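Heads up: the structure comes next, in structure tokens.
Note that this is a predicted model, so its numbers are computed, not measured.
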Amino acid sequence: MATVRLERIIAAPPQEVFDVVTDSNSLKLASLVLRVKRVREGRNGGWSAGAVREVVAAGAWFREEITTNDRPHLFAYQILKSVPPITHFGGTIEVTPEAGGSRVVWESSYDIPLLAGGKATAVVTKRILELAFGQILAEADKKLTAGANR
């Protein structure tokens, strides 16, 4: 099993950080993400729990369900289908208050079947996901910091 875990302190209140980081359109801040589309509304509308999104990235496609959207603390998702195929054990974005702002922890765990490359592919995808998650958090940090400096 591969696990991607990134942690970052962002100098903004948890509500603002949560709203930017968990906005599905923020996935497009990663250079490899080409498109994000909601294919099903959440149980309470929009991107609430139960919403399903499709993410198209360079060389990959994911269908994900939002399983938890507990603003401003916890956002969780589950990859239902993907190309190439993976077994996803869930992803979470947790935002907690921190002196001077918020701590964001983004974690996702998965396996890649042997027929799709197994452990060798998992090593490569882990690095790609670390870069993508890192880009999203860095751009969210810039956006929120720019807003605070106005």
Side-chain angles (χ1 to χ4, degrees), residues 1-98 101-113 116-117 121-122 124-148:
M1 178 170 66
T3 298
V4 176
R5 185 178 193 280
L6 270 77
E7 190 169 329
R8 185 177 191 106
I9 304 296
I10 298 178
Q15 295 84 351
E16 292 177 23
V17 172
F18 186 90
D19 290 348
V20 171
V21 173
T22 65
D23 179 346
S24 289
N25 290 313
S26 290
L27 294 174
K28 292 185 274 186
L29 297 172
S31 58
L32 295 177
V33 174
L34 307 172
R35 188 180 78 213
V36 178
K37 176 182 172 187
R38 184 173 45 228
V39 295
R40 184 175 77 203
E41 292 272 326
R43 289 184 286 281
N44 294 319
W47 293 105
S48 63
V52 174
R53 64 187 178 196
E54 289 183 350
V55 180
V56 176
W61 170 86
F62 304 95
R63 178 172 279 202
E64 302 174 336
E65 180 176 2
I66 309 306
T67 57
T68 303
N69 191 338
D70 182 18
R71 180 182 187 265
H73 309 289
L74 180 65
F75 181 88
Y77 60 97
Q78 177 70 45
I79 296 174
L80 305 172
K81 284 180 128 179
S82 66
V83 176
I86 67 167
T87 301
H88 192 235
F89 301 107
T92 59
I93 299 172
E94 191 171 0
V95 181
T96 55
E98 178 78 21
S102 304
R103 177 181 304 275
V104 181
V105 178
W106 190 338
E107 190 168 328
S108 182
S109 298
Y110 60 94
D111 269 337
I112 297 182
T121 302
V124 173
T125 58
K126 180 177 180 184
R127 184 65 185 131
I128 291 169
L129 289 172
E130 287 171 342
L131 289 169
F133 292 1
Q135 284 179 321
I136 293 165
L137 293 176
E139 290 300 317
D141 191 359
K142 279 187 212 173
K143 179 178 182 177
L144 290 162
T145 302

Quick one: does Gln135's side chain have a donor or acceptor within less than 3.5 Å of a partner on Ser31's backbone? yes
Least distance between heavy atoms, Leu32 atom then Ile128 atom: CD1-CG2, 3.7 Å
Mind running side-chain contact (heavy atoms from CB on, under 4.5 Å) on Arg8 and Leu6 for me, showing each step along the way? CA-CA 7 Å; Arg8 185 177 191 106; Leu6 270 77; over 6 Å; no
Salt-bridged, Arg53 to Glu64, with N to O below 4.0 Å? yes
State whether a side-chain donor-acceptor pair under 3.5 Å links Ser108 with His88. yes
Closest heavy-atom contact between Leu34 and Lys28? O-CD, 4.5 Å
To the nearest 0.5 Å, atom CD1 of Ile136 lies from atom CG of Asp23 at 10.5 Å
Compare every heavy atom of Thr67 with every heavy atom of Tyr77, then report the nearest pair and how far apart it is. N-OG1, 3.7 Å
With a 3.5 Å distance limit and no angle check, can you tell me whether Tyr110 reaches the backbone of Lys126 through a side-chain donor-acceptor pair? yes
Quick one: are Arg63 and Ile79 in side-chain contact, heavy atoms under 4.5 Å? no
Shortest non-hydrogen contact from Val21 to Ser26? O-CB, 4.2 Å
Compare all side-chain heavy atoms of Val105 with those of Ile93 and state whether any distance is below 4.5 angstrom. no
Please report the shortest heavy-atom distance between Ile66 and Phe75, naming the atom on each side. CD1-CZ, 3.3 Å
Under the salt bridge (charged side-chain N to carboxylate O under 4.0 Å, His left out) criterion, do Glu54 and Lys37 qualify, and how do the steps go? CA-CA 5 Å; Glu54 289 183 350; Lys37 176 182 172 187; 5.3 Å; no
Does atom CG of Asn25 have more than 12 heavy-atom neighbours, drawn from other residues, nucleotides or ligands, at distances under 6.0 Å? yes
If you take all heavy atoms of Phe62 and Ile86, which pair is closest and at what distance? CE2-CD1, 4.5 Å
Just by distance, do the side chain of Ser102 and the backbone of Ala12 share a donor-acceptor pair under 3.5 Å? yes
Roughly how far, to the nearest 0.5 Å, is CD1 of Ile10 from OG1 of Thr145? 7.5 Å
Using only atom types and a distance under 3.5 Å, with no angle test, would you say the side chain of Ser82 pairs donor to acceptor with the backbone of Pro84? yes
Nearest 0.5 Å, please: how far is CD in Glu107 from OG1 in Thr3? 6.0 Å
Distance from Thr68 atom OG1 to Glu94 atom CD, nearest 0.5 Å? 11.0 Å
Any sub-3.5 Å donor-acceptor pair from Ser109's side-chain atoms to Phe89's backbone N or O? no
Atom pair CE/OG1 of Met1 and Thr87 - distance to nearest 0.5 Å: 11.5 Å
Measure from the side-chain N and O atoms of Arg40 to the backbone N and O of Gly50, and report whether any donor-acceptor pair falls under 3.5 Å. yes
Taking Gly46's backbone N and O only, do any of them form a donor-acceptor pair with Glu41's side chain (distance below 3.5 Å, no angle check)? yes
Asn69 side chain vs Ala49 backbone, donor-acceptor pair below 3.5 Å: no
Think Arg38 forms a cation-pi with Trp47, using NZ or CZ under 6.0 Å from the six-ring centre and within 45 degrees of its axis? yes
Approximate separation, where rounding is to 0.5 Å, of Ile112 CD1 and Thr125 OG1: 3.5 Å
